[in-house]
Amino acid sequence: MNPKTGNGARDRLRIAIQKSGRLAEPARALLTACGLSWRESRDRLFCYGESLPVDLLLVRDDDIPGLIRDGVCDLGVVGRNVLLEQDIALKAGGGSEAFREWRPLGFGGCRLAIAVPETWAWQSQAQLAGTRLATSYPAILRQWLDGQGIAAEVVELSGSVEIAPRLGQADAICDLVSSGATLAANQLKPVMTLLESEAVLAGPSSATSGASGLDQATPRQPAFDGIWDDARAGLAELLLRRLDGVLRMRHSKLLMFQASREAIPSLLPLLPDAEAPTVMQIDGGDGLALQALCHGAVTWQRLEELKRAGARGLLVLPVEGMLA
Ligand code: ATP
Ligand code: ZN
């Protein structure tokens, strides 16, 4: 650890997450799975890291990109939709890139879509020409409209976008959709997807954060050199390594079974996205015991296929963690 604390150097990493809302609990759960714990009281805005010098700032999601840009926070958990909207707006205002997505996190999934009244006979986006579109994502929508060469009016609303057509404020909308139930309740139907979104880990843009995944040979230590030359570089490195492990393990299973030696060639191709299995000889006979870490979905159907191909005593176990 760099003991230096003067000249803006910090010996703690600060992560902004949503205080309350859709991303608040999953963000905490993910960071907890990475081994972080905090001294906290729920109503406070700041959680002091106990297991590691990694603190949390609890804020509105819309504030997260700005907090990273201003260096108030080092990292943040925020929807890709919010990050992209503010990135486009920043650049449109003459600013340069200040933050970007470091990792997709696999929760908070939704899409930013254009929805029109159910009564419209939808054929193509050309129908949007000359319409008024209500949205809380004016920068993304404007960029998309310009890219498509569609001249339409963007009506910026901060909330309740889905009722804008009924109130006569707009003809159609551009809003986040997950199940589509809200749209249906407002007699709207989604017709175009502008962005597939989920929660992401956001950080300063100058990091060469492309070295993701445990299996990459690229040394990742230098990735943070240009951003932080204090203890935060090492902390971010540690956190990302754990995060990659947690994300990779989330859907992984350990598959154990027995089989005869002759069945192995037909069994191996059936293992879903598996790492090289461990093979052990069972005392006496030609029986083998195998265990394979599978990153693909281990479905019932796949287990039945394995059984038909000669696997016996199939056992599927969850994986809690992994350090390559
Ligand atoms: P805040 O008080 O922090 O500003 P908010 O009302 O803007 O909260 P939420 O509604 O909690 O935010 O949504 C946070 C994020 O959750 C969205 O930016 C988006 O990335 C994601 N999300 C997932 N599904 C949906 C959905 N159906 N509608 C809105 N956001 C969704
Ligand atoms: Zn918000």
Side-chain angles (χ1 to χ4, degrees), residues 7-10 12-19 21 23 27 45 55-105 108 110-114 133-159 161 173-176 193-212 222-230 232-233 235-236 239-240:
N7 296 330
R10 287 206 216 128
R12 305 184 68 83
L13 194 71
R14 194 178 294 162
I15 306 177
I17 67 168
Q18 198 184 21
K19 181 170 166 46
L23 308 182
L45 295 177
D55 305 322
L56 295 185
L57 200 65
L58 309 185
V59 296
R60 286 198 57 203
D61 64 346
D62 318 70
D63 294 336
I64 293 176
L67 290 167
I68 296 172
R69 181 197 59 212
D70 297 341
V72 176
C73 288
D74 305 307
L75 300 170
V77 176
V78 63
R80 179 180 294 136
N81 47 299
V82 170
L83 200 68
L84 183 64
E85 173 69 19
Q86 296 199 19
D87 181 56
I88 297 173
L90 187 70
K91 288 172 183 164
S96 55
E97 189 173 84
F99 39 77
R100 70 183 176 89
E101 180 174 329
W102 280 21
R103 292 289 189 279
L105 298 178
C110 57
R111 59 201 173 98
L112 184 65
I114 293 193
L133 295 164
T135 188
S136 305
Y137 296 86
I140 298 177
L141 177 58
R142 173 54 61 208
Q143 190 181 63
W144 182 80
L145 289 169
D146 289 350
Q148 301 287 319
I150 299 168
E153 186 186 337
V154 175
V155 180
E156 184 175 351
L157 297 179
S158 56
V161 169
I173 68 167
C174 170
D175 203 8
L176 295 175
T193 296
L194 272 52
L195 175 74
E196 294 286 351
S197 185
E198 65 186 285
V200 303
L201 181 74
S205 63
S206 41
T208 51
S209 62
S212 66
F224 308 102
D225 276 0
I227 304 180
W228 302 302
D229 57 2
D230 51 29
R232 288 176 291 175
L235 288 169
L239 182 67
L240 258 81

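Listed by chain and residue number, nothing satisfies the side chain to side chain donor-acceptor pair (under 3.5 Å) test with D63 (two or more places apart in sequence, or in another chain).
In this structure, the separation between CD1 on I114 and CG on L133 is 5.5 Å, given to the nearest 0.5 Å. Note that the SG atom of C73 and the CD1 atom of I64 stand 8.0 Å from one another [nearest 0.5 Å]. The CG atom of L194 sits 11.5 Å away from atom CG of D175, with the distance rounded to the nearest 0.5 Å. Taking CG of D62 as the start and CD of E85 as the end, the distance is 10.0 Å to the nearest 0.5 Å.
Counting only heavy atoms from C-beta outward, the side chains of I140 and T135 never approach each other to under 4.5 Å. With contacts defined as side-chain heavy-atom distances shorter than 4.5 Å, the pair P104/R80 qualifies. Looking at heavy atoms from C-beta onward, L157 lies out of side-chain contact with I173 at the 4.5 angstrom threshold.
Under a 3.5 Å cut-off, the side chain of D61 and the backbone N or O of Q18 do not form any donor-acceptor pair. R10 places no side-chain N or O within donor-acceptor distance of the main-chain N or O of D230, the cut-off being under 3.5 Å. Here the side chain of D74 pairs a donor or acceptor atom with the backbone of R14 at under 3.5 angstrom. Judged by distance alone, the side chain of W102 and the main-chain N or O of V200 form no donor-acceptor pair under 3.5 Å.
Taking each heavy atom of V78 and L23 in turn, the nearest pair found is C-CD1, 4.0 Å.
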Kindly list each side-chain donor-acceptor pair under 3.5 angstrom involving residues 90-99, sequence neighbours excluded, with atom names and distances?
from: K91; atom 1: NZ; to: D87; atom 2: OD1; distance (Å): 3.4
from: K91; atom 1: NZ; to: D87; atom 2: OD2; distance (Å): 2.9
from: K91; atom 1: NZ; to: E97; atom 2: OE2; distance (Å): 3.3

